[in-house]
Amino acid sequence: MPREPPVRVVREVTSRGYNAEREAVTLLAGASDPAAAVERAVDAAPNDALTLTTDHVREVLDDATPSTSATDADAPSEDAAAGEATTTETAAAETTATETTTADTSTAAAATQSAESEPEASTDQTTTPTASSGVGDDDIRTRERTSPVETKGVSEEQNAAGRRDGRDARDDSQRSVEIDGDITGESTGTGEYADFVATFRDRYDRLSKKLRGRVNHRPTDALDSMPGGSEAAVVGMVNDIRSTASGHWLVEVEDTNGVFPTLVMKDRDIADHVDELLTDEVIAVEGTISDDGGILFADDLHFPDIPRTHRPSTADRHVQAALVSDVHVGSQEFAADAWQAFADWLHTEEADAVEYLLIAGDMVEGVGVYPNQDEELDIVDIYDQYETFAEHLKDVPGDMEIVMIPGNHDAVRLAEPQPAFDEELRSIMSAHDARFTGNPSTVTVEGVDILMYHGVSIDEIIAEYPGDDISYDNPHRAMEQLLKKRHVAPQFGGRTRVAPEKEDYLVIDEAPDVFHTGHVHKLGVGGYHNVRLVNSGCWQHQTEFQKSVNIDPDVATAPILDLNTLDVTVRKFA
Ligand code: D5M
Ligand code: FE
Ligand code: ZN
C-alpha cells in the first residue's frame, strides 16, 4: 500500500492554507491514497477552519476509504526517514568552528552574470556541499577557513552603551536606510469582494505593463474575432491550467475583457514552463490562432521576470549586513547559546564592517500558531516572548542599525501584506532604535535595494513544483520563481493568506538588488539575473513536529552580505 511520507502530506495540507494536527497528518499519511485523502479532508473542513483536525480526517476516511486500517494509519513514520535527512549536516552543525563560505551570483542557469557581481577571489578551494546546505554547489568557493571564533569574555567587556569593544570607533555619517512598499498604516481592505477585485486589477495593471512592450498583444475579446492562422499574443492572469486527454496543456488566461484558452503542446520546449505556472500569475502567451478561431496555439511564454541586464547597485564603501530570520524566542528549541555566540561575534574586530542587522520575521515562537505548539513553549505569554527577544537583541552591539519585518509566528495579522509591529511591541523592542516595517518591504541600505519578505509562499512554490529541482535544500531556487513572476505570493487561495488592499503590495515592482527571505529554516544563497538571493536559516533547533515530518533545519547560520560587492559569507554559530 502506498504510504506518503508525512512531510509530503504536511506540505499538501499547508499548500491548501491549513495547518494540521499531528495525528491528522499521521492518519492522512496512512490512507491508501494520501493525496486524495488530503483533498477530501480539505473539502470536508469548514471554510473558516485554520487547522485540519483528526475529526475532519476521520470523517473522510470513514466515508470514502473504509479499507484504511488502523495499522496503516499508525505506522508511517519510518517511511519519513527515507526522504531527506543527512547526517553529515548534523555533524557539521555540532562543531563549534565558524565555517566561512563565499557564494557568487553565478548559478548554472545564469551564465550571463556581470563581472562586477563575481567575487574577486575565485582561486580558493571548493568547499564540500554538505558544509553549507542549500547553497548552490556551483556557487561556492571557500574563501577562508577561520579558526573557531573566540567568544569567551566578550560580553563581559561589553559596556552598557553597547559599544563594540573589539572594534574600531565608527563614523555613522555614511549610513542610510530607506524603506519603500510598506503597508503599515496604509491598509484599507475590509475583506469585501470589491477589495479583491481592486487588488487583482492592480496586480494585472502593473505586471501586464512589464509584458506588453515585449509582445504584440491583443485583448481577449479581440482574439475572438481574429481569423484562423493569425499570429497573436495575449497578456493575462493564469486562470486555469489543465492537461488534455492527449497530454497537452490548456492554459486559460484572463485579462480585463475576458478569458481566452491557449494550448501548449506537450512536445514543445515551452511545455517545461507549464510546470512553473501558478494560477493568478501574469504571463504573456504568443502563438497562432487555431483554424476555428477558438484557441491560441502557444509558441512562446513570457514571464514579467527580472531583465538579464539588471545591474545591481552597491554601497560606496566596505560595509556589511547580517541577514537573519526565524529566531523563535519562546520556543524550547530556541538556540540561545548560538544566538549569544553570534551576538558576541558581532562585537569582535572581525565583524567590524557588519553595521546592519536585518531580521526577516519570526522573532518569537508565538502562541497558538500550530496545534500542540504549547507543549514546546518555554515562554507561554506572547508579550513575555517579545520581552525576552528584546533582551537577546540587546546582546547585539548597540551601534548596529536594525530592521525587522514580521513573520507568520509574530503578533501581527497573518494575511499578507503584514503590517509592522504595533506600538506596544515596538516599545518592548525599543533598545536599538530599530526600524520596524511591513512584510514585504524594500529596505534600501546605502543604495542597495533589499527586498525583505518572510517567505511563506516558498512552501507553496516547493509544494507545487514537480521534481526535485526546487526543494527545501535549495530555497533560493524557489526565490528565483518569485522574482520571475515579479510577485512574492503569486497564487491566491493556497497556503499564503493574502489580504485584499487597494493596491497589490506583493507585486515586485522594481527589480531588487538583494532578495532576503526566511521561513523555511533552511539556508540558501544564490543569484538570479544579478539579484543576490539569501534565505536565512534559523535559530531554532528541530521541533518535535519537524522531527516527525523530517524537516532538518539549518540552525545558527548567519549569512553576511557585503554591501559593496554583494558577496555573501555564511557563518555558523552552532
Ligand atoms: O516554518 C518553518 C517551516 O516548517 C516551514 O517550512 C513550515 C514548516 N512547518 C513547521 N511546523 C509546521 C506545522 N505544524 N504545520 C505546517 N507546516 C509546518 P515556521 O513558520 O517557522 O513554523
Ligand atoms: Fe520560522
Ligand atoms: Zn515562518
Side-chain angles (χ1 to χ4, degrees), residues 5-26 28-29 38 42 49-54 80 84 134 324-331 333-335 359-377 385 389 404-412 414 416 418 439-440 452-464 470-475 478-479 488-489 494-497 516-524 535-557:
V7 68
R8 277 216 73 90
V9 170
V10 172
R11 283 166 194 159
E12 288 287 327
V13 171
T14 46
S15 71
R16 289 165 168 84
Y18 291 88
N19 295 315
E21 286 181 4
R22 199 178 303 177
E23 210 187 320
V25 171
T26 311
L28 287 167
V38 169
V42 166
L50 296 176
T51 300
L52 214 55
T53 64
T54 40
E84 341 181 296
V324 302
S325 71
D326 298 274
V327 192
H328 289 267
V329 171
S331 158
E333 286 80 17
F334 166 55
I359 314 179
D362 286 0
M363 313 298 146
V364 300
E365 174 64 10
V367 175
V369 179
Y370 293 131
N372 303 327
Q373 187 199 22
D374 50 330
E375 290 165 19
E376 287 185 77
L377 284 183
Q385 291 184 359
F389 170 74
M404 292 186 243
I405 64 167
N408 57 314
H409 283 251
D410 286 301
V412 304
L414 186 56
E416 299 172 9
Q418 294 182 287
N439 170 38
M452 291 180 73
Y453 170 61
H454 178 59
V456 170
S457 66
I458 295 174
D459 281 330
E460 195 156 356
I461 298 279
I462 292 172
E464 296 275 324
I470 300 178
S471 75
Y472 284 94
D473 289 328
N474 54 21
M479 296 169 73
V488 296
R495 166 189 295 239
T496 322
R497 285 161 198 276
H516 174 207
T517 58
H519 179 64
V520 293
H521 295 206
K522 296 296 272 183
L523 175 69
N535 194 84
S536 310
C538 62
W539 300 86
Q540 183 186 37
H541 293 295
Q542 194 180 42
T543 62
E544 278 304 311
F545 181 86
Q546 289 169 344
K547 199 180 284 176
S548 74
V549 298
N550 207 18
I551 294 175
D552 183 20
D554 289 323
V555 185
T557 51

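This one's a predicted model, so the numbers in the text were calculated from it and none came from an experiment. Both counts, for ligands and for their atoms, begin at 1 and track the order of listing. Nothing fancy with the numbering, it's 1 onward along the sequence.
- The side chain of D362, and not its backbone, has at least one atom closer than 4.0 Å to an atom of ligand 1 (non-hydrogen atoms only; side chain from C-beta on).
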Check against side-chain contact (heavy atoms from CB on, under 4.5 Å), I359 and V327: CA-CA 9 Å; I359 314 179; V327 192; 4.2 Å; yes
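- When all heavy atoms are compared, the tightest approach of V555 to A335 is CG1-CB, 4.0 Å.
- The Zn ion (ligand 3) is closest to atom OD2 of D362 (considering only N, O or S atoms).
- Neither the backbone nor the side chain of I458 has any atom closer than 4.0 Å to an atom of ligand 1 (non-hydrogen atoms only).
- By the 3.5 Å distance cut-off applied to N or O atoms, Q540 is not counted among the residues near ligand 1.
- Atoms of ligand 1 found under 4.0 Å from any heavy atom of N408 (numbered from 1 in listed order, with element): 20 (O).
- Close approach of ligand 1 to Y472 is summarised as follows: ligand atoms under 4.0 Å from at least one heavy atom of the residue are 6 (O).
- Contact of the M404 side chain with the F389 side chain is registered, since non-hydrogen atoms from C-beta on lie closer than 4.5 Å.
- Counting only heavy atoms from C-beta outward, the side chains of Q540 and P553 never approach each other to under 4.5 Å.
- The two atoms that bring P406 and N439 nearest to each other are O-CB, 3.4 Å, heavy atoms only.
- Residue-and-atom listing of protein N/O/S atoms under 2.8 Å from the Fe ion (ligand 2), sorted by chain and number: D326 OD1, H328 NE2, D362 OD2, H521 NE2.
- Between H519 and ligand 1, at least one pair of N/O atoms sits closer than 3.5 Å.
- At least one heavy atom of H328 sits under 4.0 Å from some atom of ligand 1.
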Worked verdict on V329 versus M363 for side-chain contact (heavy atoms from CB on, under 4.5 Å): CA-CA 6 Å; V329 171; M363 313 298 146; over 6 Å; no
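- Contacts between D459 and ligand 1, counted as non-hydrogen atom pairs separated by less than 4.0 Å, involve the side chain only.
- Taking the ring centroids of Y370 and H409, they lie under the 6.0 Å cut-off.
- Not counting sequence neighbours, the partners of H519 by the ring-ring contact (aromatic ring centres under 6.0 Å, His included) test are H454.
- Defined by atom type and a distance below 3.5 Å, a donor-acceptor pair is missing between the side-chain atoms of D552 and Y472.
- Counting the atoms of ligand 1 from 1 in the order shown, those under 4.0 Å from a heavy atom of H409 are 19 (P), 20 (O), 21 (O), 22 (O).
- In H519, the N, O or S atom that comes nearest to the Zn ion (ligand 3) is ND1.
- With the Zn ion (ligand 3) as the vertex, atom NE2 of H454 and atom OD1 of N408 span an angle of 80° (nearest 10 degrees).
- For A360 against Y453, the heavy-atom pair with the smallest separation is CB-O, 4.5 Å.
- The minimum heavy-atom distance between N408 and V369, with the atom names listed, is O-CG1, 4.1 Å.
- The one candidate from E333, H521, Q385 that meets the side chain to side chain donor-acceptor pair (under 3.5 Å) condition with H328 is H521.
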